[in-house]
K.L.:
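Before I ask anything, let me first share the structure, which is written out below as structure tokens.
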Amino acid sequence: MDSKVRVRFAPSPTGGLHIGGVRTVLFNYLFAKHHQGEFILRIEDTDQSRFVAGAEEYILDTLKWCGLSPNESPVHGGEYGPYRQSERKAIYHEYAQKLIQEGHAYYAFDTSQDLEEKRKEVPNFQYSRAHRMEMKNSISLSQKEVAELLAQKTPYVIRIKIPDAEQVHFVDMIRGEVSFDASTVDDKVLLKADGMPTYHLAVVVDDYLMKITHAFRGEEWLPSAPVHILLWKYLFGLDKMPQWAHLPLILKPEGSGKLSKRDGERLGFPVFAMDWQDPKTQEQTIGFRERGFLPEAFVNLLAMLGWNNGTEQEIFSLDELIEQFSIDRVHKAGAKFDYEKAKWFNQQWIQKTDNEILAHLVKPYLDAAQIEVHEWEYLVKVIGWVKERCHLLPDFVTQSAFYFKAPETIDTASIQSKWNTDKQDFFIALANDYEKFISSHESSVESSTDFPKDAISLETHFKNLAAERPIKLGELLLAFRIMLVGGKFGPGVFEIVEAIELKDAMQRIRTSLSLLSTN
RNA sequence: GGCCGGUUCGUCUAUCGGCUAGGACAGCCCCCUUUCACGGGGCAAAGACGGGUUCGACUCCCGUACCGGCUACCA
């Protein structure tokens, strides 16, 4: 790179950040950091009717959670501010005027009703060469009429004047050479009647002023690229234009089309990075963070949606991604989102994450489930014992609750049908033995060497006790497990007894016995 | 309709003219586990179609089909 790489993510603050948006951020960020460049966040709040309070803060929080914080932004500051387009109105006016003076743009006075009627009247109406003379604008009207309308403060927009016959082409970093016949695009509005620029003007002006070298955006922008190319040509020169990269879309898991918030609701998985509540409707939308994804996993899975390093490696840390990212390994085609695979990435990252760190992340879920943790060290140990069977953070609640308190529901149904007095006697004996061990331990302070409290001796004791009886060991073990944890899951039973200790184990046996009948 | 983009197992993808088309997720089977997972092993599963170019095409070219995106004073 001849000059310092500068990229930007430019969302409009209209709601929660969708995974497609986060992936655009990610690729921007990876590209910038790979080239020791800068990543800029610019807020495109030019549509006042769609502005949503809190959305900008949400975006910043999301970037922070993902570890993708910008070098420059409305809150981080920077040399090229302001970073909110609503605060840059005067700048856009200046460039719009320049375009008008040079004959590349014009005033249009048509009201929205005028346009609506015209669209009804003319099928496939385009505000372009074919019809612009039929409309009310500074090309169709005389200079005098235009001056009068302006003097009367008639509301107007400024439109780009698309040239009659021009082949517009550019090289996309992902798609290669792309070309358009300019006559197929219409005279897009650049400056709206409320004085705000549209995306088309703002993106070009700001990318120039903010010295953006590489512009990443979703594939849905490809059709308007010729407008932007033309504006670059008229305003700043094509040699100054950033290199474009139009990223493939993230698609619905089933059927076809762009992934939307609704798909998540319908299919039961998050689409937004974090929980979002619409301030107007109060509508809650679940996020990956709250569903129990680790940011490392979230970033990892997003990176793999459209990029890979050519090997069979699938698990990457952010640093590895930065080191290995390369734009020419980005896929052209859209990718369907697969929630099952997303969970797999999270499971992989849970295994890689330190127990102490996981404990901090899991604690809030335990609190929410009203599971009391008295000893931090014990929590950390429990995390280590159960982590391999957890895909999402809330899985830790179900997988570890029994380490902290007796199960609330006991799946007696799984053992009731084969329950009999032999088994009942066995467990009464077991509970009695445990009670005996406890009291002997309490009375003779340090001396009880034969007191079984580690998993191995507990298992030996259990087996010896079972050997005296005409019952299959497997059935006893299953029953014991259910008594201890409430269901058919969890680590080895004797490790659990060791962890929760004999007194708890004894009580759980007795509680369960009271629930089982032997008839 | 027009314009633009895309097309390898169900899904994410590898392959940059030599392929018995590889991996991962999901599915199924086996092992491990006297539970559930984890883990290990295995099975099944793909080049949209038709033409070229070439000794050879999934890879390059053309056409068709299908899918998607855009077609707002929204981004």
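FYI, side chains are in, hydrogens and waters are out, and symmetry mates aren't considered; it's all heavy atoms of this structure. Convention: sequence-line order gives letters A, B, ...; per-chain numbering from 1. Every value quoted in this text rests on a predicted model; they were computed, and no experiment measured them.
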K.L.:
Need one value for Lys472(A): base, sugar-phosphate or nothing, where a base atom within 4.0 Å counts as base even if backbone is also close, heavy atoms only.
P.N.:
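No contact.
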K.L.:
Could you measure between the two P atoms, the one in C25(B) and the one in A21(B), and give it in whole Å?
P.N.:
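The same atom, P, in both gives a distance of 22 Å.
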K.L.:
Within less than 4.0 Å of OP1 or OP2 of U7(B), is there a side-chain N or O belonging to His331(A)?
P.N.:
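Answer is no, no contact under 4.0 Å.
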K.L.:
Looking only at atom P, what distance separates G42(B) and G22(B), rounded to whole Å?
P.N.:
13 Å
K.L.:
Have a look at Leu222(A) and say if it touches a base, only the backbone sugar-phosphate, or nothing, with a 4.0 Å heavy-atom cut-off.
P.N.:
sugar-phosphate
K.L.:
Checking Ser128(A) against Asp187(A): is there a side-chain donor and acceptor pair closer than 3.5 Å?
P.N.:
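Note: Asp187(A) and Ser128(A) side chains miss the donor-acceptor criterion.
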K.L.:
Using the C1' atom on both, measure U20(B) against C70(B) and round to a whole Å.
P.N.:
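Roughly 44 Å separates the two C1' atoms.
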K.L.:
Taking 4.0 Å as the cut-off, does a side-chain nitrogen or oxygen of Arg159(A) come that near to OP1 or OP2 on A72(B)?
P.N.:
no
K.L.:
Determine the contact category for Val178(A): base if any of its heavy atoms lies under 4.0 Å from a base atom, sugar-phosphate if only primed atoms, P, OP1 or OP2 are that close, otherwise nothing.
P.N.:
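The residue Val178(A) makes sugar-phosphate contact but no base contact.
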K.L.:
Strictly under 6.0 Å, is that where the ring centroids of Phe462(A) and Phe426(A) end up?
P.N.:
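Phe462(A) vs Phe426(A): aromatic centres under 6.0 Å.
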K.L.:
Between Lys120(A) and Glu117(A), does at least one N-O distance fall below 4.0 Å, as a salt bridge requires?
P.N.:
no
K.L.:
Take Arg175(A) and Pro155(A), find for each the nucleotide of RNA chain B with the closest heavy atom, and name the residue whose nucleotide sits nearer the 5' end.
P.N.:
Arg175(A)
K.L.:
Base, sugar-phosphate, or nothing for Glu388(A), non-hydrogen atoms under 4.0 angstrom?
P.N.:
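Base contact - Glu388(A) has a heavy atom under 4.0 Å of at least one base atom.
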K.L.:
Please classify the nucleic acid contact of Asp181(A) as base, sugar-phosphate, or nothing, using heavy-atom distances under 4.0 Å.
P.N.:
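Nothing: the residue Asp181(A), judged by heavy atoms under 4.0 Å, touches no strand.
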K.L.:
Side-chain donor or acceptor of Lys341(A) under 3.5 Å from a matching atom on the base of A24(B)?
P.N.:
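Indeed, a donor on one side and an acceptor on the other fall under 3.5 Å apart.
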K.L.:
Phosphate oxygens OP1/OP2 of A75(B): is one of them under 4.0 Å from a side-chain N or O of Thr46(A)?
P.N.:
yes
K.L.:
Measure the distance from CZ on Phe480(A) to P on U33(B) and round it to the nearest whole Å.
P.N.:
20 Å
K.L.:
Does A75(B) have OP1 or OP2 sitting under 4.0 Å from an N or O in the side chain of Lys192(A)?
P.N.:
yes
K.L.:
Contact class for Arg217(A) (heavy atom, under 4.0 Å): base, sugar-phosphate, or nothing?
P.N.:
nothing
K.L.:
Taking atom C1' in both G27(B) and A65(B), compute the distance separating them and give it to the nearest angstrom.
P.N.:
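My reading of the C1' atoms in G27(B) and A65(B) gives 30 Å.
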K.L.:
Closer to the 5' end of RNA chain B via nearest nucleotide, is it Glu475(A) or Ala335(A)?
P.N.:
Ala335(A)
K.L.:
Please state the C1' separation for the pair A75(B) and C16(B) - nearest whole angstrom.
P.N.:
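Their C1' atoms lie roughly 36 Å apart.
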K.L.:
Answer with yes or no whether the side chains of Asp110(A) and Tyr127(A) bring together a donor and an acceptor at under 3.5 Å.
P.N.:
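Yes - a donor-acceptor pair under 3.5 Å links their side chains.
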K.L.:
Please tell me if Lys336(A) has a side-chain N or O lying less than 4.0 Å from either OP1 or OP2 of G10(B).
P.N.:
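Result: no.
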K.L.:
Below 6.0 angstrom between ring centroids: does that apply to Trp221(A) and Tyr199(A)?
P.N.:
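Between Trp221(A) and Tyr199(A), the centre distance is under 6.0 Å.
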K.L.:
Provide, to the nearest angstrom, the distance between the CD atom belonging to Glu459(A) and the C1' atom belonging to U33(B).
P.N.:
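Whole-Å distance recorded here is 12 Å.
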K.L.:
Starting at CD of Gln126(A) and ending at P of U71(B), how long is that distance when rounded to a whole Å?
P.N.:
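One finds 11 Å between P of U71(B) and CD of Gln126(A), rounded.
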K.L.:
Whole Å only: how far is the CZ atom of Phe170(A) from the C1' atom of C3(B)?
P.N.:
13 Å
K.L.:
So, taking the atom named CD in Glu220(A) and the one named CG in Leu247(A), what distance separates them when rounded to the nearest 0.5 Å?
P.N.:
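Glu220(A) atom CD to Leu247(A) atom CG measures 9.5 Å (nearest 0.5 Å).
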K.L.:
Below the 4.0 Å mark, does A14(B) have OP1 or OP2 next to a side-chain nitrogen or oxygen of Asn308(A)?
P.N.:
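Looking at the OP1 and OP2 atoms of A14(B), one of them is under 4.0 Å from a side-chain N or O of Asn308(A).
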K.L.:
A14(B) P sits how many Å from Glu314(A) CD, rounded?
P.N.:
11 Å
K.L.:
Report which part of the nucleic acid Val189(A) touches: base, sugar-phosphate, or nothing (heavy-atom distance under 4.0 Å, all strands).
P.N.:
sugar-phosphate
K.L.:
Does Arg389(A) contact C38(B) through a side-chain donor or acceptor facing the base, at a distance under 3.5 Å?
P.N.:
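Answer no: no donor N or O sits under 3.5 Å from an acceptor.
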K.L.:
Take atom C1' in U59(B) and the same atom in U15(B), then report the distance between them in whole Å.
P.N.:
8 Å
